[in-house]
Amino acid sequence: MIEDQASSLRRMSQSRLIKVIAVTGGKGGVGKTNVTLNTAISMAQQGKRVMVLDADLGLANVDVLLGLRVEKNLSHVLSGECTLDDVLVEGPYGIKIAPATSGSQSMTELTPTEHAGLIRAFSELQSQIDVLIVDTAAGISDMVLSFSKAAQDILVVVCDEPTSLTDAYALIKILNKEHGIFRFKIVANMVRSLREGDELFSKLTKVTNRFLDVALELVAVVPFDENVRKSVRKQKAVVEAFPAAPAAKAIKGLAQKAISWPIPNQPGGHLEFFLEQLVTKKTVGDDR
């Protein structure tokens, strides 16, 4: 079954070079979804066609943060009621959002067949995109690991809390030791100063350098900013509601960097490779 799925993906008529970024963090409450949405909107402002996949399949909140009305979500795709294109909703600056469902435990415990169905839905996607940003769930579930492994770039969001650092380290350790991932990009979020962001990064690298074979890169320091909270109440992204705010400027800088990150020509830059990674690695993992 795995070979059939992978072969069908390889035969996709459109071999699109797409940048795939997974935004994760290990712990909830670090501002991961805000980083995801604001980065996506900032990239769209710079002319990129961006899609956000809400991969927190049981506790979706991407659409809520933007005040978008959602009639169908990924659960309807899995049930065969509609295609992935049918559930996409449009956000600010034309970003596309694939909404998950909220309050559904069944979506957090997909069988290999259901997971493969989600992947097939992606293989049939008609919407043209340049960047796919995957907002993962908190924790280190199989689904979080699957999306992280399959992406070209893994963005780990941390804040200055001991549990944030320990959970981020745990996620990095599993991806490194068990799945051979060596490079991680770090976002220090909700910090009081650039110095605090650098110190936070230093704390994390001190541990990873001692125990893991990984390369960490600090790609953004996003300051604590009351405008972020105000924008959430307005159900808008801070880069749209308060474009001159310190947090907005920091995330715009992150988006500019992300646009310049190279896309591999072979094979990881293709959407179908992202899909194959999800199909094969998730299913193989379930068989162990």
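None of the values given here were measured: they were computed from a predicted structure.
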**Q** Please identify each residue that fulfils side chain to side chain donor-acceptor pair (under 3.5 Å) with Glu81, with sequence neighbours left out.
**A** Ser79
**Q** Going by salt bridge (Lys or Arg N to Asp or Glu O under 4.0 Å), name the pairs with one or both residues in residues 30-47, residues two or more places apart or in two chains.
**A**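 Pairs touching residues 30-47 that pass the test: Lys32-Asp135.
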**Q** For residues Ile21 and Ala258, report the shortest heavy-atom separation together with the two atoms involved.
**A** CD1-CB, 4.2 Å
**Q** Donor-acceptor pair, Ser164 side chain versus Asp160 backbone, under 3.5 Å?
**A** no
**Q** What salt bridge (Lys or Arg N to Asp or Glu O under 4.0 Å) pairs are there with at least one residue in residues 228-252, not counting sequence neighbours?
**A**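 Applying salt bridge (Lys or Arg N to Asp or Glu O under 4.0 Å) to every pair that reaches into residues 228-252, excluding sequence neighbours, yields Glu226-Arg229.
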**Q** If you look only at pairs with a residue in residues 204-219, which of them pass as a salt bridge (Lys or Arg N to Asp or Glu O under 4.0 Å), with sequence neighbours excluded?
**A** none
**Q** Look only at the side chain of Asn227 and the backbone of Phe242, and say whether a donor-acceptor pair between them is shorter than 3.5 Å.
**A**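 Absent.
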**Q** If the condition is side chain to side chain donor-acceptor pair (under 3.5 Å), which residues does Gln46 pass it with, not counting sequence neighbours?
**A** none
**Q** Suppose we screen for side chain to side chain contact (heavy atoms under 4.5 Å, CB included). Which residues come up paired with Leu65, at least two apart in sequence or across chains?
**A**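 Partners of Leu65 under the side chain to side chain contact (heavy atoms under 4.5 Å, CB included) test: Thr33, Leu37, Val232.
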**Q** Do you know the tightest heavy-atom contact between Leu84 and Met51?
**A**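 Smallest heavy-atom distance, with atoms named: CD2-CE, 4.2 Å.
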**Q** What pairs with Arg69 under side chain to side chain contact (heavy atoms under 4.5 Å, CB included), at least two apart in sequence or on another chain?
**A** Glu71
**Q** Could you pull out all residues at least two apart from Asn209 that satisfy side chain to side chain donor-acceptor pair (under 3.5 Å)?
**A** none
**Q** Would you say Val131 and Trp261 are hydrophobically clustered, going by side-chain heavy atoms of ILVMFWY under 4.5 Å?
**A** yes
**Q** With sequence neighbours left out, write down each residue that passes side chain to side chain donor-acceptor pair (under 3.5 Å) with Thr163, or none if nothing qualifies.
**A**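 Per chain and number, Thr163 pairs via side chain to side chain donor-acceptor pair (under 3.5 Å) with no residue.
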**Q** Quick one: closest heavy-atom pair of Ile181 and Val214, and the distance?
**A**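 What the structure gives for the nearest pair is O-CG1, 4.1 Å.
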**Q** Can you list every pair that meets salt bridge (Lys or Arg N to Asp or Glu O under 4.0 Å) and has a residue in residues 36-52, with sequence neighbours left out?
**A**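 Passing the test, one end in residues 36-52: Arg49-Asp130.
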**Q** Salt-bridge test for Arg195 and Glu199: reply yes if a basic N is under 4.0 Å from a carboxylate O, no otherwise.
**A** yes
**Q** Regarding Asn73 and Ser75, is there a side-chain donor-to-acceptor distance under 3.5 Å anywhere?
**A**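 A donor-acceptor contact under 3.5 Å links the two side chains.
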**Q** Determine whether a donor-acceptor pair (N or O, by modelled atom type, separation under 3.5 Å) exists between the side chain of Thr24 and the backbone of Val156.
**A** no
**Q** If the condition is side chain to side chain contact (heavy atoms under 4.5 Å, CB included), which residues does Val89 pass it with, not counting sequence neighbours?
**A**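 Val89 satisfies side chain to side chain contact (heavy atoms under 4.5 Å, CB included) with Leu68, Val70, Ile97 once adjacent residues are dropped.
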**Q** Checking Asp167 side chain against Gly25 main chain: does a donor-acceptor pair fall under 3.5 Å?
**A** no
**Q** Considering only Ile, Leu, Val, Met, Phe, Trp and Tyr, and joining two whenever side-chain heavy atoms are under 4.5 Å apart, list the other residues clustered with Phe224.
**A** Met190
**Q** Give me the atom names and distance for the closest heavy-atom approach of Ala220 to Leu254.
**A**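 Here Ala220 and Leu254 meet closest at CB-CB, 3.9 Å.
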**Q** State whether the side chain of Asn189 and the backbone N or O of Val157 hold a donor-acceptor pair below 3.5 Å, judged by distance alone.
**A** no
